[in-house]
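A short write-up of the structure that comes next.
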There are 2 protein chains.
Amino acid sequence: MAAVTERPAGLRERKKQQTREHISHQATRLFLERGFDNVTIAEVAAAAQVAKMTVTNYFPRKEDLALDLQEAYVQGPAVTVRERGPGESALSALHDSLLASVAAHDPVIGFSGPAFARMVAGSPALTGRLREFHDERERALARALAEETGTTAADIRPRVAAMQLGGVLRLLFEETQRRTLDGHPDEEIARAVTVQAGEAFALLEPALGGYAVR
Amino acid sequence: MAAVTERPAGLRERKKQQTREHISHQATRLFLERGFDNVTIAEVAAAAQVAKMTVTNYFPRKEDLALDLQEAYVQGPAVTVRERGPGESALSALHDSLLASVAAHDPVIGFSGPAFARMVAGSPALTGRLREFHDERERALARALAEETGTTAADIRPRVAAMQLGGVLRLLFEETQRRTLDGHPDEEIARAVTVQAGEAFALLEPALGGYAVR
DNA sequence: GACAAACTTAGGTCGAGTCTAAACTTATGT
DNA sequence: ACATAAGTTTAGACTCGACCTAAGTTTGTC
């Protein structure tokens with residue numbers, strides 16, 4: 001049986017990856033300097049020395065030039081739930097995973113630095129895109145919970161659970177961003193958010209502590 | 001003391017209101033006929049016999065031409081919580097209010113008819129705007145809960161509660177829309193959603209049954 | 001080295017959103 | 001009733017993101 005995931009990694013693939021990163025890097029630099037809405041795709045293309053069309057080929061939407069955490073952000077919680085150990089609830093798996101990310105100052109949960117936070121907060125297009133990510137994330141989590149608890153597709157239970165769990169993660173993300181905008185250092189934010197995470201997950205405990213225990 | 005809310009209702013005000021409704025009516029008609037993304041603002045302006053600029057004066061974003069339920073949608077739950085009777089929890093007030101809206105086939109909670117549901121589902125711009133509404137709604141609800149329980153602004157408790165309560169309302173809205181898209185009659189949908197509402201609110205009962213009791 | 005496949009490029013179109021200056025309409029003061 | 005101020009509508013131009021196409025360039029393969 002051939003390894004399907006193995007990549008030949010030809011010259012073309014490497015060049016594409018390089019071009020993609022080069023464009024993304026130039027774009028991020030410009031966005032942080034001058035704000036997302038004050039930079040046009042044409043300027044990004046000029047800075048990266050490619051055609052406008054090449055930029056939009058790699059990044060169909062302008063927002064994707066600034067937010068390339070999509071995959072990790074959307075799939076993270078669903079993966080955490082699927083990969084948790086035996087005897088563990090979805091709730092505690094997500095709590096543990098979050099605490100680890102907080103301790104590591106993971107950008108995916110909001111530790112993106114003040115400049116990035118300002119860029120996002122200052123652009124309706126970016127906050128809108130972030131909302132889409134939250135939405136997809138909740139749906140991915142709902143699927144993970146539904147397929148595990150083996151209920152029918154119409155059952156609302158896993159969706160309510162995913163809404164609450166994803167919702168708490170979202171609130172803590174927003175909290176991290178807000179404190180970053182206020183100029184607090186990551187260490188201090190990590191301590192505060194750890195406490196808030198404890199409070200928030202404790203509030204879900206009565207409803208979800210016994211749900212989805214493997 | 002003069003009644004500040006009283007309006008002179010001059011000719012100018014009346015004409016503006018008329019124009020606004022006329023534009024909105026023509027727009028909705030065109031959108032339902034041909035789909036939101038297949039109608040341009042210029043066409044709406046032509047149908048209403050005004051200048052393009054007049055359309056965008058009244059409706060800064062194109063999506064607002066189709067979604068004029070904003071105010072009721074966003075403020076509804078916060079108002080319900082503020083106006084509930086003594087001894088009642090926020091949870092049960094919202095549950096009761098929702099059941100009444102379901103029984104009345106209220107468009108604001110998703111009973112908008114198949115054509116409207118198709119229009120919304122078929123347009124990323126509209127679903128995105130709806131997400132913004134959900135967001136504002138949750139924040140309005142969080143404010144109502146926070147000012148009542150008298151906690152500090154940094155306290156995460158009311159935000160978690162608003163996330164859970166607003167989230168359930170959102171899930172039930174989506175469920176109503178989904179069933180409408182599937183072609184089921186309102187009566188049947190109302191019965192099914194009433195049951196699901198019971199299940200969903202019951203799931204929040206352990207966490208929120210004793211919270212925000214007036 | 002030739003050919004096919006994949007990628008990049010220039011140039012154009014469309015539509016939403018914004019701006020401005022001028023025309024028009026309603027309200028107000030004498 | 002008239003003049004003038006204040007508010008509204010209008011045409012036209014402009015920017016930008018998104019999409020399309022046809023031609024050109026690079027990479028992979030035989």
Side-chain angles (χ1 to χ4, degrees), chain A residues 6-24 26-28 30-31 34-68 119 122-130 132, chain B residues 6-24 26-28 30-31 33-67 119 122-130 132:
Chain A
E6 201 61 36
R7 287 281 163 70
L11 173 59
R12 178 168 280 163
E13 286 299 316
R14 270 179 291 134
K15 270 206 165 182
K16 277 186 70 172
Q17 196 58 29
Q18 240 178 317
T19 304
R20 185 190 176 85
E21 273 163 29
H22 183 233
I23 292 171
S24 172
Q26 294 300 321
T28 303
L30 291 172
F31 291 157
R34 294 159 39 198
F36 184 76
D37 295 321
N38 299 321
V39 177
T40 69
I41 290 183
E43 289 172 320
V44 172
Q49 307 198 65
V50 296
K52 265 187 312 185
M53 197 57 193
T54 302
V55 175
T56 47
N57 270 341
Y58 281 100
F59 303 92
R61 275 171 286 192
K62 188 189 175 189
E63 297 90 284
D64 296 334
L65 277 164
L67 304 175
D68 45 355
M119 175 186 78
S123 161
L126 286 180
T127 56
R129 189 79 176 106
L130 221 44
E132 284 184 56
Chain B
E6 201 59 37
R7 287 283 161 72
L11 173 58
R12 180 168 279 167
E13 287 299 316
R14 271 180 289 133
K15 272 206 164 180
K16 277 187 70 171
Q17 197 57 31
Q18 239 178 316
T19 305
R20 184 188 177 86
E21 273 163 29
H22 182 232
I23 293 172
S24 172
Q26 293 300 321
T28 303
L30 290 172
F31 292 156
E33 277 173 13
R34 294 159 39 198
F36 184 75
D37 295 321
N38 300 320
V39 177
T40 69
I41 291 184
E43 288 172 321
V44 172
Q49 306 199 67
V50 295
K52 263 188 314 184
M53 196 56 188
T54 301
V55 175
T56 48
N57 270 342
Y58 282 99
F59 304 91
R61 276 172 284 192
K62 188 188 176 188
E63 298 86 62
D64 296 333
L65 277 164
L67 302 175
M119 176 187 76
S123 160
L126 286 180
T127 55
R129 189 80 178 103
L130 220 45
E132 285 184 55

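A, B, ... follow the sequence lines: proteins, then strands. Residue 1 opens every chain.
- A:Val39 comes within 4.0 angstrom of the backbone, heavy atoms only, and of no base.
- Phosphate proximity of D:dT9 to B:Tyr58: present, with a side-chain N or O under 4.0 Å from OP1 or OP2.
- In this entry the distance linking CZ of A:Arg34 with C1' of D:dC16 reads 14 Å, nearest Å.
- In this structure, B:Met53 atom CE and C:dT18 atom P are separated by 9 Å, rounded to whole Å.
- Taking both residues in full, the closest heavy atoms of A:Ala66 and A:Met119 are given as CB-CE, 3.7 Å, listed atom of the first, atom of the second, then distance.
- Tested against A:Gln17, the residues A:Arg14, A:Glu21, A:Arg20 include a single side-chain hydrogen bond (donor to acceptor under 3.5 Å, both in side chains) partner, A:Glu21.
- Atom pair A:Phe59:CZ and D:dC16:P shows a separation of 21 Å (rounding to whole Å applied).
- Atom CG in A:Asn38 sits roughly 13 Å away from atom C1' in D:dT15 (whole-Å rounding).
- One finds a side-chain N or O of B:Lys16 lying less than 4.0 angstrom from the OP1 or OP2 phosphate oxygen of D:dT8.
- Phosphate contact (OP1/OP2 of D:dT27, side-chain N/O of A:Lys15, threshold under 4.0 Å): present.
- Here B:Thr54 reaches the OP1 or OP2 of D:dT10: one of its side-chain N or O atoms lies under 4.0 Å away.
- Each of A:Ala42 and B:Gln49 lies near DNA chain D, and the nucleotide nearest B:Gln49 is the one positioned closer to the 5' end.
- A salt bridge links B:Glu132 with B:Arg129; the closest basic N to acidic carboxylate O contact falls under 4.0 Å.
- If you take CD1 of B:Ile41 and C1' of C:dT18, they are 11 Å apart, rounded to a whole angstrom.
- Nucleic acid contact class of B:Thr56 (heavy atoms, under 4.0 Å, all strands): base.
- Between B:Arg61 atom CZ and C:dT18 atom P the separation is 9 Å, expressed in whole Å.
- Rounded to whole angstrom, the span from the CD atom of B:Glu43 across to the C1' atom of C:dA16 amounts to 13 Å.
- Listed here is the closest heavy atom pair of A:Gly122 and A:Asp37: O-OD2, 3.9 Å.
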Would you tabulate the side-chain donor-acceptor contacts of residues 38-53 of chain A under 3.5 Å, counting partners in other chains and residues two or more places apart, or write 'none'?
| from | atom 1 | to | atom 2 | distance (Å) |
| --- | --- | --- | --- | --- |
| A:Asn38 | ND2 | A:Arg34 | O | 2.9 |
| A:Thr40 | OG1 | A:Ala42 | N | 3.4 |
| A:Thr40 | OG1 | A:Glu43 | N | 3.1 |
| A:Glu43 | OE1 | A:Arg34 | NH2 | 3.0 |
| A:Glu43 | OE1 | A:Thr40 | N | 2.9 |
| A:Glu43 | OE2 | A:Arg34 | NH2 | 3.0 |

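- In this structure, CZ of A:Arg14 is placed 17 Å from P of D:dT26, rounded to the nearest angstrom.
- When each of A:Lys52 and A:Asn57 is assigned the nucleotide of DNA chain C with its nearest heavy atom, A:Asn57 is the one assigned upstream, toward the 5' end.
- Distances shown here put every side-chain N or O of B:Lys62 at or beyond 4.0 Å from the OP1 or OP2 atom of C:dG15.
- In the interface, the side chain of B:Arg12 is not paired with the base of D:dT8 through any donor and acceptor atom under 3.5 Å apart.
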